[in-house]
2 protein chains.
Amino acid sequence: MDNNAVFQRFITFTAAVHQVTNEFMKELRLDSVTPVQYGILQYIAIHQPVTPSQISECQHISMPNTSRELKKLYERELCEKIDAPEDRRKQYIRLTPGGEALMNEAFAYLQSRFLEQIRDVSAEELADIEQALGLLEAKVFYTR
Amino acid sequence: MDNNAVFQRFITFTAAVHQVTNEFMKELRLDSVTPVQYGILQYIAIHQPVTPSQISECQHISMPNTSRELKKLYERELCEKIDAPEDRRKQYIRLTPGGEALMNEAFAYLQSRFLEQIRDVSAEELADIEQALGLLEAKVFYTR
DNA sequence: CCTTTAAGTTATCAAATGATAACTATAAGG
DNA sequence: CCTTATAGTTATCATTTGATAACTTAAAGG
């Protein structure tokens, strides 16, 4: 198996993923929230409850900047912090009902675009796609 | 087949792709070039020769901003424009030797990280991965 | 021709993001 | 205890990116 060929595929693939997701995100006009803030909210939505440190590490945003953006999200009541009982330095963050509503709206739009994107695939192909997503997430796009 | 389940996978998958590629790009300390400029250079590297309009559309950057960033790349001699013979308004852009060198360096680093990421996969799994990349690119992450 | 459209440029401004230093509070480890 | 490490905050500044208006040049379509 040619490693170079797989790598080429990897590069064009990741470029394609970015292009498509950026297109989706552009159409989804989220005016109350910046791209970085959306990334944070989506990370919370998928992994909640999370700590600011986790957000900082996984979203590659420095702690000071994470803190700043979270503060804006608290002020807009899109997420909230809960003091961790086991360690008083720590805090857990989760979406507020308003944040859930925002993310549900976003996901609903993204789902409609996703379904449009796969409107021509058969049921068997869809199963293959689901499997492919799982395979790549497990074997390539994972973090230790 | 549950469309919602596939969509869930799609969301967590694209989030994972962004996380991993952002991590790679952070480690790859490209000091001569900003993230947006790198995106442009990579797009040129994959699709060259391309026009500024294509870059603008595919990278979702307005024409004025595309023009500005390209200008900086010309000045650093990372890419160059060639007037299109068939339409004197148009121009084709390609990497200069310096730009090729920069991208080769970047790709070499990304390849080393990619190989590290898949170091535990068997030959059969690698074939599956290659196929999965192709399938998803064709059926999900394409642009019309 | 003449008008309209397309490709690209320049200038300018605002907003978002990144980087860093200095700080508080708590936990953990000799 | 005392020192060090961890979690998070605040303030500040520089850079990057996005948005918009006004412009030039050339093609295209009556």
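Below, chains carry the letters A, B, ... as their sequence lines are ordered, and counting in each starts from 1.
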Using a strict cut-off of less than 4.0 Å between a Lys/Arg side-chain nitrogen and an Asp/Glu carboxylate oxygen, indicate whether Glu23(B) and Lys26(B) qualify as a salt bridge.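 No salt bridge links Glu23(B) with Lys26(B).
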Between Glu116(B) and Arg119(B), does any NZ, NE, NH1 or NH2 come within less than 4.0 Å of an OD or OE carboxylate oxygen?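 Here Arg119(B) does not pair with Glu116(B) in a salt bridge, since their nearest N and O are not under 4.0 Å apart.
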Record whether the side chain of [X] comes under 3.5 Å of the base of [N] through a donor-acceptor pair of N or O atoms.
X	N	value
Arg89(A)	dA25(C)	no
Asn65(B)	dA19(D)	yes
Arg68(A)	dG8(D)	no

Among [options], find the nucleotide with the atom closest to the side chain of [X].
X	options	result
Val36(B)	dG8(C), dT9(C), dG18(D)	dG18(D)
Lys26(A)	dA19(D), dA27(C), dG8(D)	dA19(D)
Arg88(B)	dA7(C), dT17(D), dA26(D)	dA26(D)

Want to settle it: does Gln37(A) or Pro52(B) sit nearer the 5' end of DNA chain C, counting the closest nucleotide to each?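 This one resolves to Pro52(B).
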Between atom [atom1] in [X] and atom [atom2] in [N], what is the gap in whole Å?
X	N	atom1	atom2	result
Leu70(A)	dT10(D)	CG	P	11 Å
Glu86(A)	dT26(C)	CD	P	15 Å
Asp31(A)	dA15(C)	CG	P	14 Å
Met63(B)	dG18(D)	CE	C1'	15 Å
Lys90(A)	dA5(D)	NZ	C1'	14 Å
Lys71(B)	dA7(C)	NZ	P	21 Å
Tyr38(A)	dA15(C)	OH	P	24 Å
Ile55(B)	dT9(C)	CD1	C1'	15 Å

Yes or no on side-chain contact (heavy atoms from CB on, under 4.5 Å) for Thr12(A) and Glu137(B), after CA distance, side-chain angles and deciding distance? CA-CA 9 Å; Thr12(A) 64; Glu137(B) 201 172 333; 3.6 Å; yes
Check whether any side-chain nitrogen or oxygen of [X] sits under 4.0 Å from OP1 or OP2 of [N], and answer yes or no.
X	N	result
Gln91(A)	dT9(D)	yes
Lys81(B)	dT9(C)	yes
Thr34(B)	dT17(D)	yes
Gln54(B)	dA7(C)	no
Lys72(A)	dT10(D)	no

Describe the nucleic acid contact of Thr51(B) in one word from base, sugar-phosphate, nothing, applying a heavy-atom distance below 4.0 Å.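 Sugar-phosphate contact only - Thr51(B) comes under 4.0 Å of backbone atoms but never of a base.
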Given DNA chain D, 5'-ward residue of the pair Glu69(B) and Pro64(B), judged by closest heavy atom: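 Closer to the 5' end of DNA chain D: Glu69(B).
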Any side-chain donor-acceptor pair under 3.5 Å between Tyr109(A) and Glu105(A)?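 Tyr109(A) vs Glu105(A): no donor-acceptor pair found between side chains.
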How are the rings of Phe7(B) and Phe107(A) set to each other: parallel, tilted or perpendicular (split at 30° and 60°)?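 Rings of Phe7(B) and Phe107(A): perpendicular, over 60°.
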Distance from Phe114(A) atom CZ to Asn3(B) atom CG, nearest 0.5 Å?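 It is 7.5 Å, given to the nearest 0.5 Å.
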